[in-house]
Amino acid sequence: MPALTADFFARPAVEVAPDLLGCVLQRAGAREPRVGRIVEVEAYLGDGSDPASHAHSGPTPRNRSMFGPPGRFYVYRSMGIHHCLNIVCQPQGEGAAVLIRALEPLRGLAIIRRLRSGRESDLTNGPGKLCQAFGVDLRFDGRSATRGELFVCTGTTAPERPIRRSPRIGISKATELRYRFFEADNPHVTPHR
DNA sequence: CCATAGATTGACT
DNA sequence: GTCAATCTATGGA
């Protein structure tokens, strides 16, 4: 299937986010390729209306790529330990992005199981977990999400489950904003909350 | 300078 | 349920 284009991401993040459900993240270039279907995302805005967004206080060395061109990755280290994978949206300079929160693994289960333990539904059902499983780290920060070793392409199947919407997970500000989108009844989305 | 919170996870009581 | 790991950024003294 074709890779997504920068145009796809040059739209409001709350529109891009649900459209990413069912699209596919591909890890190439590594010794063992991995493919995962996106099943859970969250939008973070940069227009000042979203105090939970890393962009809310303007650019810093860490969030710099959030303010770069759309269609590139913003990867940051969370709690000093884990990595989280975003894709920049909207015109350059606005600071909006979509966080990839969970995948349904389609290919590369062998290497993924070597990198992470647990049941299949526990391998990529969280932003830090999927980065571990797909070998995503700060090297990918600022790189293109439409080509290269890590990129997103359109899904091979239409969404077979309804899309649900909810407040975002793990934040304490702007909890009234329902910018989380996920596939209903998919066992690979984030548990509890 | 120091304290604290954070788009998380896994280990433990 | 609680809590620590470890790094970045912010806000106050």
Side-chain angles (χ1 to χ4, degrees), chain A residues 9 12-21 23 25 36 38-68 70 72-90 94-105 112-143 145 150 152 163-183 187-193:
Chain A
F9 297 100
V14 286
E15 291 181 19
V16 173
D19 287 352
L20 277 173
L21 296 177
C23 291
L25 181 71
I38 298 172
V39 298
E40 178 183 357
V41 295
E42 287 175 355
Y44 287 89
L45 309 191
D47 60 4
S49 69
D50 183 6
S53 172
H54 285 178
H56 188 63
S57 302
T60 68
R62 180 214 210 190
N63 68 10
R64 194 173 75 81
S65 47
M66 253 188 122
F67 294 87
R72 297 197 191 176
F73 291 118
Y74 163 47
V75 181
Y76 70 93
R77 206 194 290 273
S78 171
M79 310 307 280
I81 298 193
H82 305 285
H83 296 283
C84 292
L85 180 68
N86 299 254
I87 306 177
V88 177
C89 296
Q90 302 180 191
E94 296 195 359
V98 172
L99 170 70
I100 311 297
R101 278 201 65 93
L103 304 172
E104 176 178 337
I112 290 173
R113 284 191 189 286
R114 246 172 282 143
L115 295 170
R116 289 193 45 78
S117 59
R119 319 154 70 100
E120 179 177 323
S121 65
D122 215 38
L123 298 174
T124 53
N125 61 339
K129 296 177 184 181
L130 70 90
C131 284
Q132 231 179 289
F134 275 59
V136 175
D137 57 30
L138 295 178
R139 298 191 342 263
F140 290 96
D141 184 45
R143 306 223 313 223
L150 187 68
V152 183
I163 292 173
R164 298 232 202 283
R165 184 175 181 160
S166 81
R168 295 166 293 183
I169 292 182
I171 56 170
S172 59
K173 299 170 192 161
T175 53
E176 75 284 2
L177 300 177
R178 308 205 313 151
Y179 291 163
R180 172 176 177 249
F181 302 87
F182 59 101
E183 272 196 1
H188 299 276
V189 305
T190 302
H192 68 72
R193 90 181 204 82

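So that the names make sense, note that chain A is the first sequence line, chain B the second, and so on, each numbered from 1.
- Base pairing in DNA chain C yields stems of at least 3 consecutive Watson-Crick or G-U pairs, both distances under 3.5 Å, namely B:1-6 with C:7-12, B:8-12 with C:1-5.
- Remark: the backbone N or O of A:N125 is not paired with any side-chain donor or acceptor of A:E40 at under 3.5 angstrom.
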Trace of the side chain to side chain contact (heavy atoms under 4.5 Å, CB included) decision for A:L21 with A:V41: CA-CA 7 Å; A:L21 296 177; A:V41 295; 4.2 Å; yes
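- Taking the P atoms as reference points, B:dT4 lies 15 Å from C:dC3, given to the whole Å.
- To the nearest angstrom, P of C:dT8 lies 18 Å from CE of A:M66.
- In this structure, A:T60 contributes its side chain and A:N63 its backbone to a donor-acceptor pair below 3.5 Å.
- More than 12 non-hydrogen atoms from other residues, nucleotides or ligands lie less than 6.0 angstrom from CZ of A:R113.
- Not a single donor-acceptor pair under 3.5 Å links the side chain of A:E42 to the backbone N or O of A:R101.
- For the segment residues 40-59 of chain A, the set of residues with a heavy atom within less than 4.0 Å of an atom of DNA chain B comprises A:Y44, A:A52, A:H54, in numerical order.
- With P as the reference atom, C:dT6 and B:dC1 are 22 Å apart, rounded to whole Å.
- What separates CG of A:L177 from P of B:dA7 is a distance of 14 Å, to the nearest Å.
- Legend: residues meeting side-chain hydrogen bond (donor to acceptor under 3.5 Å, both in side chains) with A:S78, ordered by chain and number and at least two apart, are absent.
- Using C1' as the reference atom, B:dA7 and C:dG1 are 23 Å apart when rounded to the nearest Å.
- Looking at A:V39, A:L103, A:D122 one by one, the single match for side chain to side chain contact (heavy atoms under 4.5 Å, CB included) with A:H188 turns out to be A:V39.
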Quick one: what's the B/S/- string for nucleotides 8-13 of chain B, heavy-atom cutoff under 4.0 Å, read 5' to 3'? BSS---
Check the interface with nucleotides 1-5 of chain B: list each N/O to N/O pair with the protein under 3.5 Å, or write none.
none

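- What separates NE2 of A:H83 from C1' of C:dT6 is a distance of 12 Å, to the nearest Å.
- Between A:F9 and A:L20 the shortest side-chain heavy-atom distance falls below 4.5 Å.
- Contacts of A:F67 classified as ring pair (Phe, Tyr, Trp, His ring centres under 6.0 Å), with partners at least two apart in sequence or in another chain: none.
- At distances below 3.5 Å, at least one donor-acceptor pair connects side-chain atoms of A:S53 with backbone N or O atoms of A:L45.
- Proximity of A:I171 to A:Y179: side-chain heavy atoms (C-beta onward) are nowhere separated by under 4.5 Å.
- The shortest non-hydrogen separation linking A:S117 to A:L123 is O-CD2, 4.0 Å.
- Put simply, CG on A:L138 is 11 Å from C1' on C:dC7, counting in whole angstrom units.
- Between the side chain of A:R62 and the backbone N or O of A:R77 there is at least one donor-acceptor pair closer than 3.5 Å.
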